[in-house]
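Just below is one structure, and these are the notes that go with it.
Chain letters run A, B, ... following the sequence lines, proteins first and then strands; every chain starts at 1. Hydrogens, waters and symmetry mates are skipped; everything else that's a heavy atom, side chains included, is used.
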There are 2 protein chains.
Amino acid sequence: MFTIGQRNRLQYIILGLLGQQDQTGYDLTKAFEHEIGEFWQASHSQIYPQLQRLETAGDITHQDQITGEKLTKKVYQLTAQGQKKLAAWVSEPSPELTATKDEFILKLYFIKSANDPRLGPMLREQTQLHAEQLAHLQERQREVFPNQAAIDAAFGHYLILEHAIERESHYVEWLQRYQTLSNNH
Amino acid sequence: MFTIGQRNRLQYIILGLLGQQDQTGYDLTKAFEHEIGEFWQASHSQIYPQLQRLETAGDITHQDQITGEKLTKKVYQLTAQGQKKLAAWVSEPSPELTATKDEFILKLYFIKSANDPRLGPMLREQTQLHAEQLAHLQERQREVFPNQAAIDAAFGHYLILEHAIERESHYVEWLQRYQTLSNNH
DNA sequence: GCGACCATGTAACATGTTACATGATTTT
DNA sequence: AAAATCATGTAACATGTTACATGGTCGC
């Protein structure tokens with residue numbers, strides 16, 4: 001029912017990011033940390049080899065660019081083939097459900113009784129965590145989408161940020177609903 | 001911010017399942033397919049080696065049980081050490097956010113305009129998918145928790161099923177909110 | 001000159017998926 | 001007798017994380 005699949009999504013994300021603007025592996029690494037870090041993660045040790053493979057496959061090319069005296073950066077850009085590949089991926093169906101591997105949810109599964117003394121502290125800890133994440137996402141929304149023009153220019157990003165905010169908001173609400181249980185810690 | 005970490009959660013889930021009742025690797029495999037498939041997945045090729053490692057570590061033991069003429073099953077059970085390890089894991093904080101790697105969300109990120117003709121079909125496809133999942137979860141809830149006694153006996157499971165239902169319910173609602181966009185397919 | 005950051009890689013290891021492999025039991 | 005299911009494993013491969021490794025640039 002849930003298939004993650006070995007589908008190498010990373011390559012498409014890189015293509016998508018390069019579709020927005022030419023950039024280096026370092027820039028892409030930063031983008032994964034800040035720009036889309038809420039939705040996908042990848043470290044530079046995955047990104048650099050993947051860039052090499054994409055170039056070999058003919059989906060991207062690069063120009064060397066010198067900074068200062070001799071620091072050589074590789075600025076990557078999509079080829080026509082890469083653009084086609086990206087568009088094909090986006091248009092393709094996504095018929096698979098996502099497996100959310102949430103450790104807290106898993107631990108809850110093994111809590112048998114509403115009177116278990118561990119329940120209260122666990123719920124409080126998660127409320128704290130998700131309330132912080134909610135605040136972070138709301139801050140991001142204010143930052144990235146200060147006006148309608150920003151929304152119109154990156155509508156998909158706006159949608160998924162809104163979705164993430166609502167999801168966290170619901171998560172916190174659900175946690176708080178049972179917060180009063182076992183307040184004895 | 002999001003750390004998945006190489007924490008080998010599988011071992012704890014196996015301990016948790018064995019804590020509920022002694023069973024074979026085959027039974028555990030089935031449990032991952034049906035019982036907790038909504039929350040975690042693992043295939044038999046992960047489970048059997050992990051059982052061997054847990055036994056070597058002294059967290060579980062097994063008795064051979066003969067079925068029919070000569071089919072030998074290994075029925076695993078927790079040791080006192082395994083029980084301790086399980087309890088320690090549940091009590092431990094879970095301070096890390098879960099990275100939800102949802103391919104559809106990722107694709108949306110690269111949709112720049114509300115007028116993109118791909119948007120409507122994508123939203124409809126996902127609505128279908130998540131509405132089905134929602135129905136499946138609701139069916140599970142009716143099946144597993146037909147009365148208050150069932151809830152009292154597996155309270156954590158009840159909580160996470162409720163959470164998953166509400167999450168899917170919100171997901172569908174959010175998708176439908178933008179469903180009217182680009183109805184030209 | 002020093003520290004923070006820019007910039008690019010590889011190595012080792014852990015985890016997860018798909019395929020390969022075998023044989024017994026039960027149901028139709 | 002055949003098909004479905006029970007039952008247990010290994011192998012090959014893909015993905016993802018942490019650590020190792022190196023050197024340049026920029027601001028103070």
Side-chain angles (χ1 to χ4, degrees), chain A residues 1-14 22-34 37 39-57 60 62-76 96 98-101 103 106, chain B residues 1-14 22-34 37 39-56 60 62-76 96-101 103 106:
Chain A
M1 168 159 274
F2 298 83
T3 315
I4 294 291
Q6 307 299 77
R7 302 260 311 284
N8 194 357
R9 287 159 168 85
L10 177 60
Q11 65 177 323
Y12 298 114
I13 310 172
I14 290 177
D22 296 352
Q23 51 195 316
T24 66
Y26 188 84
D27 296 331
L28 290 168
T29 303
K30 291 289 145 193
F32 275 99
E33 280 167 26
H34 305 116
F39 309 106
W40 206 273
Q41 297 80 45
S43 61
H44 78 277
S45 64
Q46 271 184 286
I47 291 166
Y48 287 113
Q50 185 64 62
L51 283 168
Q52 290 166 16
R53 285 192 293 272
L54 282 169
E55 187 160 39
T56 304
I60 61 177
H62 81 270
Q63 265 93 51
D64 284 333
Q65 187 182 301
I66 310 280
T67 305
E69 287 293 294
K70 47 179 161 170
L71 207 184
T72 309
K73 303 200 277 190
K74 295 184 179 177
V75 182
Y76 287 95
E96 283 148 16
T98 306
T100 30
K101 301 203 154 182
E103 189 169 20
L106 210 54
Chain B
M1 169 160 274
F2 299 83
T3 315
I4 295 289
Q6 307 298 78
R7 304 256 312 282
N8 193 358
R9 286 158 168 84
L10 178 60
Q11 64 178 324
Y12 299 113
I13 309 170
I14 290 176
D22 296 353
Q23 51 194 315
T24 66
Y26 188 83
D27 296 331
L28 289 169
T29 303
K30 291 291 146 190
F32 276 100
E33 279 167 27
H34 306 114
F39 308 106
W40 206 273
Q41 296 79 46
S43 62
H44 78 278
S45 64
Q46 271 184 287
I47 292 166
Y48 287 113
Q50 185 63 65
L51 283 168
Q52 289 166 17
R53 284 193 292 272
L54 282 169
E55 187 159 38
T56 304
I60 61 177
H62 80 270
Q63 265 92 52
D64 284 332
Q65 185 182 303
I66 310 280
T67 305
E69 286 294 294
K70 47 178 160 173
L71 209 183
T72 308
K73 302 201 277 190
K74 295 184 180 177
V75 182
Y76 287 95
E96 283 148 15
L97 287 164
T98 305
T100 29
K101 301 205 154 182
E103 188 168 21
L106 210 54

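- Partners of B:Thr24 by side-chain hydrogen bond (donor to acceptor under 3.5 Å, both in side chains), not counting sequence neighbours, listed by chain and number: B:Asp27.
- Rounded to an integer number of Å, the gap from NZ of A:Lys101 to P of D:dT15 is 15 Å.
- Rounded to whole Å, the distance from CH2 on A:Trp40 to P on D:dT17 is 10 Å.
- Under 4.0 Å is where a charged nitrogen must lie from a carboxylate oxygen, and between A:Glu55 and A:Lys74 no such pair does.
- Each end of the helix from C:dG1-D:dC28 to C:dT28-D:dA1 gets its own rotation axis from five pairs of C1' atoms, and the angle between them is 30° to the nearest 10 degrees.
- Proximity of residues 44-53 of chain A to DNA chain C (heavy atom under 4.0 angstrom from any strand atom) is restricted to A:His44, A:Ser45, A:Tyr48, A:Gln52.
- Look at CD1 on B:Ile66: it is 19 Å from P on D:dC6, rounded to the nearest Å.
- In this structure B:Thr72 satisfies the side-chain contact (heavy atoms from CB on, under 4.5 Å) test together with B:Asp64, B:Ile66, sequence neighbours excluded.
- When rounded to the nearest whole Å, the span between NZ of A:Lys30 and P of C:dC5 equals 8 Å.
- In this structure, the ring-ring contact (aromatic ring centres under 6.0 Å, His included) partners of A:His62, at least two apart in sequence or on a different chain, are A:Tyr76.
- When rounded to the nearest whole Å, the span between CG of B:Asp27 and C1' of D:dT5 equals 13 Å.
- Among residues two or more places apart in sequence or in another chain, the side-chain contact (heavy atoms from CB on, under 4.5 Å) test is passed with B:Leu106 by A:Ile13, A:Trp40, A:Trp89.
- Here B:Ser45 pairs with B:Ser43 under the side-chain hydrogen bond (donor to acceptor under 3.5 Å, both in side chains) rule; sequence neighbours left out.
- Shown here are the side-chain hydrogen bond (donor to acceptor under 3.5 Å, both in side chains) partners of A:Gln46, two or more places apart in sequence or in another chain: there are none.
- Residues forming a side-chain hydrogen bond (donor to acceptor under 3.5 Å, both in side chains) with A:Gln63 (at least two apart in sequence, or on another chain): A:Gln77.
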Heteroatom pairs (N/O) under 3.5 angstrom, protein to nucleotides 26-28 of chain D:
none

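- Shown here are the side-chain contact (heavy atoms from CB on, under 4.5 Å) partners of A:Gln65, two or more places apart in sequence or in another chain: A:Lys73, A:Val75.
- At the phosphate of D:dG9, OP1 or OP2 sits under 4.0 Å from a side-chain N or O atom of B:Lys74.
- Inter-residue side-chain proximity for A:Gln23 and A:Leu28 is flagged as met; some heavy-atom pair is nearer than 4.5 Å.
- Regarding contacts with the backbone of C:dC6, a side-chain N or O of A:Tyr26 is found under 4.0 angstrom from either OP1 or OP2.
- Side-chain nitrogen and oxygen atoms of B:Thr29 include none within less than 4.0 Å of the OP1 or OP2 phosphate oxygen of D:dA7.
- With rounding to whole Å, A:Arg7 atom CZ is found 11 Å from C:dT18 atom P.
- Rounded to whole Å, the distance from CD on A:Glu96 to P on C:dG16 is 17 Å.
- Rounding to whole angstrom units, NZ of residue B:Lys70 and P of D:dC6 are separated by 20 Å.
- Listed by chain and number, the residues in a salt bridge (charged side-chain N to carboxylate O under 4.0 Å, His left out) with B:Glu33 are B:Lys30 (sequence neighbours excluded).
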